[in-house]
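Read the structure below first, then the notes.
Basis for what follows: all heavy atoms, side chains included, without hydrogens, waters or symmetry-related copies.
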Amino acid sequence: MTVLPPGSAAVSGEDAHFVVAFEDNRLIPALFGEFDRNLALIEQRLGVDAVGRGNQVAVRGSQEACTRARLALDMLYGRLQEGHDLAPGDVEGAIRMAEAAEAQLNLPTLEPKGRLAMAQISTRRRTVMARTMMQDAYVRAFDRAELIFGLGPAGTGKTYLAVAYASAMVERGAVERIVLSRPAVEAGERLGFLPGDMREKVDPYLRPLYDALYDMMPPDKVERGLRSGMIEVAPLAFMRGRTLSDAVVILDEAQNTTSMQMKMFLTRLGENSKMIVTGDPSQVDLPPGQTSGLVEAVDLLDEVDGIARIRFGSSDVVRHPLVGRIVEAYERAASGKSPD
């Protein structure tokens with residue numbers, strides 16, 4: 001991507017106008033989107049005018065908004081250059097990242113400094129890109145910590161990204177297996193009352209994890225992995241006494257663990273393993289008066305080295321935009337605040 005030299009760009013007071021040129025004409029239809037819908041979304045979200053002509057985009061608006069639009073276009077063009085397709089969520093993600101660009105561009109590890117670099121996870125079936133600053137921090141934390149807590153509301157990608165990372169680690173041969181666990185208390189049922197064998201008993205609780213696995217791996221590989229033990233479904237109640245080595249271990253819905261269950265789970269960590277613990281502390285389904293093991297663990301382990309804590313908020317929701325507004329409404333109710 002090239003910002004054309006003086007004569008094609010001008011700034012007056014708070015307003016800016018420049019033209020951005022893209023070298024590969026073959027990528028332009030995907031960059032602009034059908035009927036220029038990607039440009040329209042950038043216009044709507046960033047408050048600029050973005051008009052595509054040939055391989056160029058003329059952007060007009062405030063200096064800050066135009067800079068963000070350029071960064072978003074640069075990010076999307078770079079993704080296309082790498083051979084990836086653009087989904088509507090990718091455009092939304094690029095806009096979110098551009099809106100928080102100042103914080104990311106100040107990070108010492110990112111090069112080049114003038115270009116945003118979204119963290120990504122590549123598996124055989126797809127490459128998953130971070131779509132918010134907190135997702136970016138979460139993905140980067142996978143490589144620098146042995147235990148990662150992903151905390152926040154539904155729809156922030158905390159479970160999906162954890163499974164994507166586990167799948168990538170297995171494909172690269174960095175670990176031998178994936179271990180999936182989740183407390184089965186959401187419906188107030190006990191495993192023994194459910195029909196079927198152990199896998200059939202816990203499958204309904206682990207469905208979100210399975211869905212993510214099938215997104216990352218070919219279905220036949222997932223099925224082979226489940227049969228061979230490369231992908232293990234391990235009910236939390238059955239983890240006691242084990243050491244989980246050479247694995248990525250994911251505990252989902254961890255807000256519904258008790259203090260003893262969480263301590264037991266965290267002390268299963270073995271050599272060459274990572275643990276990713278996800279949950280929403282505001283959605284605890286334990287009996288009244290019982291402390292959430294997730295809430296307690298995050299507090300107790302606050303100063304322990306080797307642990308990363310990523311806290312997602314309503315602005316990190318990457319599902320339907322309405323989900324973010326719903327989460328905000330509940331957060332306001334919990335804090336006693338009224339809408340602005």
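- No more than 12 heavy atoms of other residues, nucleotides or ligands shown are found within 6.0 angstrom of CZ on R311.
- D90 pairs in a salt bridge (Lys or Arg N to Asp or Glu O under 4.0 Å) with only one of the listed residues (R126, R131, R96), which is R131.
- Considering all non-hydrogen atoms of both residues, E171 and K221 come closest at CG-NZ, 3.7 Å.
- The only option from L266, T278, L180, L236 that meets the side-chain contact (heavy atoms from CB on, under 4.5 Å) definition with L251 turns out to be L236.
- Side-chain atoms of R60 never come within 3.5 Å of backbone atoms of V48 as a donor-acceptor pair (strictly under, hydrogens ignored).
- When hydrophobic clusters are built by joining Ile, Leu, Val, Met, Phe, Trp and Tyr residues whose side-chain heavy atoms come closer than 4.5 Å, directly or via intermediates, V175 is grouped together with L161.
- Annotation: side-chain hydrogen bond (donor to acceptor under 3.5 Å, both in side chains) contacts of S245 (sequence neighbours excluded): none.
- Residues Q261 and M239 are not in side-chain contact: their nearest non-hydrogen atoms beyond the backbone lie 4.5 Å or more apart.
- Around CD of E232, the count of heavy atoms belonging to other residues, nucleotides or ligands within 6.0 Å exceeds 12.
- Looking at I310, I121, V128 one by one, the single match for side-chain contact (heavy atoms from CB on, under 4.5 Å) with V139 turns out to be I121.
- The backbone N or O of F142 sits less than 3.5 Å from a side-chain atom of K274, completing a donor-acceptor pair.
- More than 12 heavy-atom neighbours from other residues, nucleotides or ligands sit within 6.0 angstrom of CZ on R125.
- Summarising the geometry, atom CZ belonging to R309 is positioned 7.0 Å from atom CG belonging to L301; distances are rounded to the nearest 0.5 Å.
- Between the side chain of R79 and the main chain of M75, no donor-acceptor pair closer than 3.5 Å is present.
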| query | Run the side-chain contact (heavy atoms from CB on, under 4.5 Å) check on Q120 and E82 step by step: do they pass? | reply | CA-CA 12 Å; Q120 63 183 47; E82 293 171 358; 3.8 Å; yes

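- At least one donor-acceptor pair under 3.5 Å links the side chain of T123 to the backbone N or O of M216.
- By the rule that hydrophobic residues join a cluster once side-chain heavy atoms approach within less than 4.5 Å of another member, M260 and L294 end up as members of separate clusters.
- Listed here is the closest heavy atom pair of I42 and L76: CD1-CD1, 4.5 Å.
- Cluster membership for L226 and I250, using ILVMFWY side-chain heavy atoms within less than 4.5 angstrom, is shared.
- With no hydrogens or angles considered, no side-chain donor-acceptor pair links T291 and S259 at under 3.5 Å.
- Note: the hydrophobic cluster containing V170 also contains V233 (ILVMFWY, side chain heavy atoms under 4.5 Å, direct or indirect links).
- The shortest heavy-atom contact between G270 and T243 is CA-CG2, 3.8 Å.
- Side chains of D246 and E271 form no contact here, defined as non-hydrogen atoms less than 4.5 Å apart.
- Between V249 and F265, some side-chain heavy-atom pair lies under the 4.5 Å cut-off.
- Residue-environment remark: CG (D305) stays at or below the threshold of 12 foreign heavy atoms within 6.0 Å.
- Of all the heavy atoms in L71 and A98, the pair that sits closest is CB-CB, 4.1 Å.
- For the atom pair CD of E176 and OG of S273, the computed distance is 9.5 Å after rounding to the nearest 0.5 Å.
- Proximity of V57 to L73: side-chain heavy atoms (C-beta onward) are separated by under 4.5 Å at one or more points.
- For the atom pair OG1 of T127 and NE2 of H84, the computed distance is 4.0 Å after rounding to the nearest 0.5 Å.
- Once rounded to the nearest 0.5 Å, the distance linking CD1 of I95 with CG of N38 reads 8.5 Å.
- The distance from atom CD1 of I231 to atom CD1 of I178, rounded to the nearest 0.5 Å, is 5.0 Å.
- No side-chain heavy atom of V59 sits less than 4.5 Å from a side-chain heavy atom of D49.
- Between L151 and V298, some side-chain heavy-atom pair lies under the 4.5 Å cut-off.
- Between L27 and Q81 there is a side-chain heavy-atom pair separated by less than 4.5 Å.
- Aromatic ring pairs are classed by plane angle as parallel below 30°, tilted from 30° to 60° and perpendicular above 60°; the pair F32 and F22 is perpendicular.
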| message | Using the rule given for salt bridge (Lys or Arg N to Asp or Glu O under 4.0 Å), can you reason through R224 versus D220, listing the C-alpha separation, both sets of side-chain angles and the distance that settles it, and then say yes or no? | response | CA-CA 6 Å; R224 287 199 306 271; D220 59 332; 3.2 Å; yes

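- When atom types are taken as modelled, the side chain of Y77 and the backbone of D24 share a donor-acceptor pair closer than 3.5 angstrom.
- K158 contributes no side-chain N or O that, together with a main-chain N or O of F312, makes up a donor-acceptor pair within less than 3.5 Å.
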| request: List the steps and the verdict of side-chain contact (heavy atoms from CB on, under 4.5 Å) for L31 and L80. | output: CA-CA 8 Å; L31 178 65; L80 290 169; 3.8 Å; yes

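- Between the side chain of T67 and the main chain of Q63, a donor-acceptor pair closer than 3.5 Å is present.
- Using a 4.5 Å cut-off between side-chain heavy atoms of Ile, Leu, Val, Met, Phe, Trp and Tyr, with links allowed through other members, V163 and I276 fall into the same hydrophobic cluster.
- At distances below 3.5 Å, at least one donor-acceptor pair connects side-chain atoms of D136 with backbone N or O atoms of A119.
- Under the 4.5 Å side-chain criterion, counting only non-hydrogen atoms from C-beta, M262 is not in contact with E296.
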| salt bridge (Lys or Arg N to Asp or Glu O under 4.0 Å) between R37 and E43, worked out | CA-CA 10 Å; R37 67 180 180 186; E43 286 184 326; over 6 Å; no

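- Contact record, P183 with T257: CG-CG2, 4.1 Å, taken as the closest heavy-atom pair.
- Rounding to the nearest 0.5 Å places CD of E23 at 10.0 Å from CG of N25.
- Judged by distance alone, with hydrogens and angles left aside, the side-chain atoms of Q255 form a donor-acceptor pair with the main-chain N or O of D280 at under 3.5 Å.
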| said: Does E253 form a side-chain contact (heavy atoms from CB on, under 4.5 Å) with T159? I'd like the steps, not just the answer. | reply: CA-CA 9 Å; E253 296 290 340; T159 301; over 6 Å; no

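- Shown here for A30 and L86, the closest heavy-atom pair between the two residues is O-CD1, 3.7 Å.
- Using modelled atom types, no side-chain atom of D302 and backbone atom of D299 make a donor-acceptor pair closer than 3.5 Å.
- No donor-acceptor contact under 3.5 angstrom links the side chains of Y160 and D211, judged on distance only.
- Looking only at atom types and distance, the side chain of T156 has no donor-acceptor partner in the side chain of D316 under 3.5 Å away.
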